[in-house]
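A short write-up of the structure that comes next.
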Amino acid sequence: MNIIWHEKTKQFHLYNDEISYIMYVQPNGEMGQLYFGSRIHDRDDFSYLTYRRMKPMVAVEAPEEDFSMELNRQEYPGFGGTDFGMNAYEAVYEDGSTVSNFKYASHRIFAGKDKLEGLPATYGSDEEAMSLVIILEDTRSKLQLELSYTIFQNYPVITRNVKFINQGDDEVILNKALSACLDLPDQEYEWMQFSGAWARERIPVVRKIVPGTLSIESKRGGSSANQNPFIIVKRSNTDEFAGEAIGMSFVYSGNFLAAADADTYGRLRLLMGIHPDTFRWPLQKGASFTTPEVVIAYTDKGLNGLSQSYHALYNNHLVRGKWKNRPRPILLNNWEATFMDFTQESIIKIAAKAKEAGAELFVLDDGWFGARNDDYAGLGDWVENTDKLPNGMKGLAEKINEMGLEFGFWIEPEMVNPDSDLYRAHPDWAFAVKGKTPALGRHQYVLDFSKDEVVDYIYDMLYQVIDGANIAYIKWDMNRALTDVFSNGTPAELQGCVYHKYVLGVYRLYEKLIAAFPDILFESCSSGGSRFDAGMLYYAPQAWCSDNTDGVDRVLIQYGSSYGYPISSIGAHVSAVPNQQTGRTVPIAFRGNVACFGTFGYELDLNHISEEEFCEVQEQIKFMKENRQLLQYGKFYRLVSPFETDQNAWMVVSEDQTKALVGVYTMRSNVNELDGRIRLAGLDRNKLYNINSCAYYGDELMCAGLVLNAENTRNYTMEQDYSSCIIRLSAE
């Protein structure tokens, strides 16, 4: 990896073995983009990539009569000069002007990567990463802009964020401050987004890019189940195994905007950052604002290659602490078994059966605190309900630990029921607009986490519960979107800061709890996958992927999630049937074979299944313990898309290519067909792989394919709904 500054031509070249990122100081002093893609040789001057011939009706930069920003690619564009594309920022000055002219002033290049204060971000040592900060100044207002870039040694990615610093005497208002802009020289791309809703999250949607603006967004206060803050642009001929693609992933958990602005001259502009509609940030003299990070990845090896870059980067340079690259414990959660109707005795009975099956962790879900017998009351009162837990959390944890199980529990710290002691004492701590009855979601209001005193109060309550017990795991839920976002007691001119400050408050509570209890495994949840984003992985290394635990739907949801997020981050469990969300009854073998490509666990009472199914659960857990390092951290490949056929196949391969596991699934049977055949990936062409009693060379399996017959798969058939198998490959 290297970052080169060509002083004579005022050009920067960031590169490693896989990619090059080249930009320059334009004739008007602002930063322009020259190239992003596969690694190319360095040279002193790449200015041949600029456009210096004028077009009719194009404004030019005086005195450069042959240069227009509209016809050249920009690095971080504003609006009001000679570029008319979508802008990345808007600053409003004391005189009402919104026109900025950020000219290059200086830069610094250094080994490693700076931490973003109060924000999640990737990290890297001096040996792993190099960074560049370009300082630009608007001489009229004295507003300073810092563009930050990091390139990693082993990944085809560039991380970006920006910082605004008011060096002038007058207040400046930021109405828009996106984190990254990437201008590309052509528009021959397709846009991939990951859309859905509760219980059907992160479904890939592909749209052709044409002149105009295409975008996705969330204004729900969290990143949302409806649109994920991760997009891909790919060439039309790019598939899973070949072709160019660029990804943009937002390391943030609040409102966002991702857009593709295709102009009528053939240029494509990609932008990502905090949504400007819910953002207004005043900067007094000496104040600054730092945007969250965007991770931009490139591949010419297909969508699997792009995904693998994100998986490896996030596992190695985003997840922190004890659980970095560690296999996840196999758990049983009582929610679908009992909901809130439980006693200590009934919980112990469920946990004992889980231990008998081989589970390692028991998780107590909602209903353990306050007056919490349904979802109408108790949220915010984080004190044990001694009618259910006579000896409190400590007593229950001790009993669970005595069985040989670790213990964890559920919280929803950002919310409050109107029927709670907390709300009765502090109604002003919930978001509400004066004179308007606030909207309810799941019978609850949203606490104002933009206020430090609210965050600190919730922390103190949770600390008392956790500190008194042996807690190994916490499931952190968040079950509604933000509405009525008005912070009582906050001045009117600062109300535009509240959405972002809320997210910072969530991050601050995570940091306080992690600092106090560094060994706890946090799992983020937001009605399942409504806040499944890279920002959360910095604090909680896994996320409850979806409240929909139906085996068939989970194939789709987990497949879509894998495009941008590592398998180790995908909370995946086997639940009871008929399924709570779909009513579908799927064999426990199918449910288990899907869930094992994730963190793995159970959401049911094992006392209420047949002896035959219980034996199967024991075998599933045994299999998972033997293979979870490979399943959760092996190189993951999508092979057959469930969005294109009635089948699905994916696989993981060990780093040394001696082991692999292939998951094959039929959601809907195909009658009177020949045996299926799947071309595998990621194997060593020259290694001989054993599959049951047969052996095949890697090149055979990847080129001719694996035939799904009885010899190779034993019990799998395409002629039976909900048939599945996991095929083991091992090389000597």
Side-chain angles (χ1 to χ4, degrees), residues 189-209 214-220 222-234 236 238-240 245 247-250 256-260 272 302-304 306-307 310-311 481 524-534 536 543-567 569-573 575 579-584 586 590-591 594-595 597-598 636-650 663 665-668:
Y189 290 94
E190 295 176 332
W191 163 281
M192 286 186 71
Q193 64 193 54
F194 299 86
S195 304
W198 175 81
R200 52 178 176 85
E201 298 90 343
R202 289 174 300 286
I203 304 304
V205 177
V206 178
R207 295 193 270 174
K208 182 170 176 55
I209 290 176
L214 185 158
S215 67
I216 58 170
E217 65 180 18
S218 172
K219 293 190 283 189
R220 298 169 181 267
S223 49
S224 88
N226 304 73
Q227 304 290 355
N228 195 262
F230 169 67
I231 61 96
I232 297 171
V233 293
K234 68 180 188 70
S236 59
T238 297
D239 59 20
E240 290 289 0
M248 295 183 78
S249 177
F250 199 23
F256 76 92
L257 173 69
M272 181 173 276
L303 297 176
N304 273 317
L306 190 75
S307 298
Y310 279 111
H311 295 181
S524 65
C525 178
S526 182
S527 285
S530 295
R531 201 162 61 183
F532 195 139
D533 56 66
M536 295 310 300
W544 183 226
C545 184
S546 176
D547 278 344
N548 186 347
T549 53
D550 172 74
V552 172
D553 282 358
R554 267 307 187 99
V555 167
L556 306 175
I557 295 167
Q558 291 174 215
Y559 193 98
S561 300
S562 74
Y563 279 95
Y565 303 100
I567 304 307
S569 72
I570 297 175
H573 296 169
S575 65
N579 181 263
Q580 181 188 358
Q581 292 78 33
T582 66
R584 188 182 287 126
V586 176
F590 189 102
R591 287 174 274 154
V594 175
F597 284 84
F636 180 80
Y637 292 87
R638 293 175 297 272
L639 303 176
V640 178
S641 172
F643 299 102
E644 298 174 3
T645 72
D646 294 321
Q647 279 72 43
N648 174 64
W650 50 40
Y665 312 86
T666 290
M667 280 71 76
R668 184 177 181 274

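Residue numbers run from 1 in the order of the sequence given.
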- Start with the C-alpha gap between Ser641 and Tyr559, add the side-chain angles, then the distance that decides, and say whether side-chain contact (heavy atoms from CB on, under 4.5 Å) holds. CA-CA 8 Å; Ser641 172; Tyr559 193 98; 3.4 Å; yes
- Task: Determine, step by step, whether Ser236 and Glu190 satisfy the side-chain contact (heavy atoms from CB on, under 4.5 Å) criterion, reporting the C-alpha distance in whole Å, the side-chain angles of both residues, the deciding distance to 0.1 Å, and the verdict.
- Result: CA-CA 6 Å; Ser236 59; Glu190 295 176 332; 4.0 Å; yes
- Query: How far apart are the C-alpha atoms of Phe532 and Ser569, what are their side-chain angles, what is the distance that settles it, and do they pass the side-chain contact (heavy atoms from CB on, under 4.5 Å) test?
  - Reply: CA-CA 9 Å; Phe532 195 139; Ser569 72; 3.7 Å; yes
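Under the ring pair (Phe, Tyr, Trp, His ring centres under 6.0 Å) criterion, Phe230 pairs with Phe194, Tyr310, sequence neighbours left out. Checked against side-chain contact (heavy atoms from CB on, under 4.5 Å), Arg207 has the following partners two or more places apart in sequence or in another chain: Trp191, Gln193, Val205, Leu214, Ile216. Taking Asp239 as the reference, nothing meets the side chain to side chain donor-acceptor pair (under 3.5 Å) condition, with sequence neighbours excluded. For Tyr665, the ring pair (Phe, Tyr, Trp, His ring centres under 6.0 Å) partners are Phe590, Trp650, not counting sequence neighbours. Listed by chain and residue number, Arg235 satisfy the side chain to side chain donor-acceptor pair (under 3.5 Å) test with Tyr189 (two or more places apart in sequence, or in another chain). Tyr637 pairs by the side chain to side chain donor-acceptor pair (under 3.5 Å) definition with nothing, not counting sequence neighbours. Partners of Ser530 by side-chain contact (heavy atoms from CB on, under 4.5 Å), not counting sequence neighbours, listed by chain and number: Ala225, Ser526, Ser527. Applying the side-chain contact (heavy atoms from CB on, under 4.5 Å) rule to Ser575 yields the partners Glu336, Thr549, Asn579, Glu603; only residues at least two apart in sequence or on another chain are considered. For the salt bridge (Lys or Arg N to Asp or Glu O under 4.0 Å) test, no residue two or more places apart in sequence or in another chain qualifies with Arg200. In this structure, the side chain to side chain donor-acceptor pair (under 3.5 Å) partners of Glu240, at least two apart in sequence or on a different chain, are Tyr563, Arg638. Partners of Glu217 by side-chain contact (heavy atoms from CB on, under 4.5 Å), not counting sequence neighbours, listed by chain and number: Lys219, Leu257, His275.
Rounding to the nearest 0.5 Å places CZ of Phe643 at 11.0 Å from OG1 of Thr645. To the nearest 0.5 angstrom, Asn228 atom CG is 7.0 Å from Asp533 atom CG. Rounding to the nearest 0.5 Å gives a distance of 11.5 Å between CE of Met536 and OH of Tyr565. Between the OG atom in Ser562 and the CZ atom in Phe597 there is a gap of 11.0 Å [rounded to 0.5 Å]. Atom-to-atom distance recorded for Met248:CE and Ile232:CD1 is 12.5 Å, nearest 0.5 angstrom.
Nearest heavy atom pair, residue Gly302 against residue Thr238, reads CA-CG2, 4.1 Å. Across all non-hydrogen atoms, the minimal contact from Gly551 to Val594 is O-CG2, 3.8 Å. Taking all atoms of both residues into account, the shortest heavy-atom contact from Ile209 to Ala260 is CD1-CB, 4.4 Å. Taking all atoms of both residues into account, the shortest heavy-atom contact from Pro642 to Asn648 is CD-OD1, 3.1 Å. Closest approach of Ser524 to Arg531, counting heavy atoms only: OG-O, 4.4 Å. The minimum heavy-atom distance between Ser224 and Ser218, with the atom names listed, is CB-OG, 3.5 Å.
Paired with Ser546 under the rule side chain to side chain contact (heavy atoms under 4.5 Å, CB included), one option of Ile557, Ile570, Leu556 passes, and it is Ile557.
With hydrogens and angles ignored, the 3.5 Å screen pairs no side-chain donor or acceptor of Gln558 with any backbone N or O of Gly598.
Under the salt bridge (Lys or Arg N to Asp or Glu O under 4.0 Å) criterion, the residue pairs touching residues 546-564 are Asp550-Arg584, Asp553-Arg584, with sequence neighbours excluded.
Residues Met192 and Leu303 have side chains in contact (heavy-atom distance under 4.5 Å, counting atoms from C-beta outward).
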